[in-house]
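Structure first, then comments.
In the text below, chain A, chain B and the rest are named by the order of the sequence lines, each starting its count at 1.
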There are 2 protein chains.
Amino acid sequence: MQQSPVPPDPPIYRRIADRLREAILSGDLRDGDRLPGENALMAEYGIARATARQALSVLINEGLAVPKRGSGVYVRLFRPIRRHGSRRLSRRQWERGQAIWDSDTEGRPYTVDDVNIDREVAEEAVARILDSAEVWVRRRRYSVDGRPVQLSVSHFPAALVEGTAITREDTGPGGVYARLGDLGHAPAHFTEEVRARMPHPHETVQLDLPAGTPVIAIGRVAYTAAGVAVEVNEMILDAASYVLQYDFDS
Amino acid sequence: MQQSPVPPDPPIYRRIADRLREAILSGDLRDGDRLPGENALMAEYGIARATARQALSVLINEGLAVPKRGSGVYVRLFRPIRRHGSRRLSRRQWERGQAIWDSDTEGRPYTVDDVNIDREVAEEAVARILDSAEVWVRRRRYSVDGRPVQLSVSHFPAALVEGTAITREDTGPGGVYARLGDLGHAPAHFTEEVRARMPHPHETVQLDLPAGTPVIAIGRVAYTAAGVAVEVNEMILDAASYVLQYDFDS
DNA sequence: ATCATTGATTTCTCTAGAGAAGTGCATCAC
DNA sequence: GTGATGCACTTCTCTAGAGAAATCAATGAT
């Protein structure tokens, strides 16, 4: 057989999904508006319930819509926070009014819940970087406007921070970086590795993520001026809540 | 009524998905291994086809599995490329063997297909940043090992680059940045904004993305030493193919 | 006015079954 | 050996229907 030159027309559920997506992206349906539900689609197109659900699930898994059980399916909103990698550099002229994507200029108040501090045996990658088999681990969750947006797990070499405020809930003024400075190990250089992926179940729960929302995973390593690694911080961000900004010369 | 203290046990499809996920994350099922299919799950658990499909769709939308029509459902592999923000800084001691996530050290050969160069009226955000209503636009797609991994759309102020090699397919040795240097507008500073989201349909097609794969959207602005914006580059990366690395002092 | 109840509406879960369409392997003709 | 054919198996699409569970507004009792 020769290659069929006829593009097979897409299945019903996909055509419906395409239509609805178009309505969302074009702005016909705005943030928070309600989409036609299962019953409405069944009636409008004369299709079975499963087919209507399949159409809606496409948009839900694309992160464009959010289902509310017992209520309806709604257009999802995107209003991110801007997170700066290098504060020093980004505070230059090229920052003001020059952003590509709209975002709330920071300054939104964080709250921290679920602090958890522990001494543990480090997993392989962390032990290698910190050159320390045992580590103190600080786990926290950050919320903005009462909604959780970020998980953070910090690791410190046990021998270095033993007995300091870093092993206690209240780290004092300036936080952990100030305490590392007190120890003569002030961070001077950072490396951040950034990935994006779909969340694991426990991340979905802790960040209260709707379907179709990826997470941004950041692995940050802090080094002293001498090049000694003093912290490994693994962060998980709700991708719908963040725009990361990095500035650099070259 | 009081708050029900009984956690309602999860539905069947979710329990099955949890089991399979566990098998994948624990390493029982490795990259490329085949998962039990619809028919196997129907038989094993005595459930309807739709329920078995729903269980598998959970993993597919999480990006852990990839369905191959007519063949089976397989465990997805993750073998990312490392992309450096600031080459200069990351080429220091703290780079060697200090990565958190495994990745192919770069050097993998890129190929560029689908080059497309055009003079256009800039959209609002780009016009504002470049301070130019008209722009030259270079669209390209990058592939590694024959698989598309990145889309890139570069904008240049029309008045600046008119008549130069930047408006032609072959930009000559050193690429567009060398040409901007020839014009006395060598880029000296970069700002990158990073987001993650689920792909739009045309991105899914052009990057050949399976379901459950987010994209990383990078908006990069290049500035001269004088602070003049000379390029806006919007990139879309297959999130399963990349780890971004940023290095900075502070 | 406030609170509890009821009922309509909505999404969610699942069953049972049918046919279309793509894959991959074994078999057969040459 | 080589290529074509057929068949088993797989995922994909869709129908029809049922009950559970959550939401929301209106109604009624206090």
So, does A/D118 use its side chain to make a donor-acceptor pair with the main chain of A/E120 at under 3.5 Å? no

In whole angstrom, what separates [X]'s [atom1] from [N]'s [atom2]?
| X | N | atom1 | atom2 | value |
| --- | --- | --- | --- | --- |
| A/Y45 | D/dT13 | OH | C1' | 17 Å |
| B/N39 | D/dC9 | CG | C1' | 8 Å |
| B/K68 | C/dT23 | NZ | C1' | 11 Å |
| B/L41 | C/dC14 | CG | P | 13 Å |
| B/Y74 | D/dT11 | OH | P | 8 Å |
| B/M42 | D/dT10 | CE | C1' | 12 Å |
| A/R53 | C/dC12 | CZ | P | 5 Å |
| B/I16 | C/dT15 | CD1 | C1' | 14 Å |

B/Y242 six-ring face occupied by B/R83 cation (under 6.0 Å, within 45°): no

Counting only side-chain N and O atoms of B/T51, is one of them less than 4.0 Å from OP1 or OP2 of C/dT13? no

May I ask you to evaluate whether B/Y13 reaches the phosphate of C/dC14, defined as a side-chain N or O under 4.0 Å from OP1 or OP2? no

What one should report as the nearest heavy-atom pair of A/R21 and A/L59 is CB-CD2, 3.8 Å

So do B/L35 and B/V75 actually touch side chain to side chain, heavy atoms under 4.5 Å? yes

Are the side chains of A/L151 and A/L237 in touch, meaning some heavy atoms are under 4.5 Å apart? no

Please work out if B/R34 contacts a base, only the sugar-phosphate, or nothing of the nucleic acid, heavy-atom cut-off 4.0 Å. sugar-phosphate

Touch check for B/L56, heavy atoms < 4.0 angstrom, all strands: base, sugar-phosphate only, or nothing? nothing

Which listed nucleotide ([options]) is nearest to the side chain of [X]?
| X | options | answer |
| --- | --- | --- |
| A/R69 | D/dA20, C/dT15, D/dT15 | D/dA20 |
| B/P67 | D/dC14, D/dT11, C/dT11 | D/dT11 |
| A/I47 | C/dT15, C/dT11, D/dT15 | D/dT15 |

Name the residue closer to the 5' end of DNA chain D, choosing between A/S71 and A/P11 according to the nucleotide with the nearest heavy atom. A/P11

Assign each of A/R49 and A/R14 the nucleotide of DNA chain D bearing its closest heavy atom; nearer the 5' end lies the nucleotide of A/R14

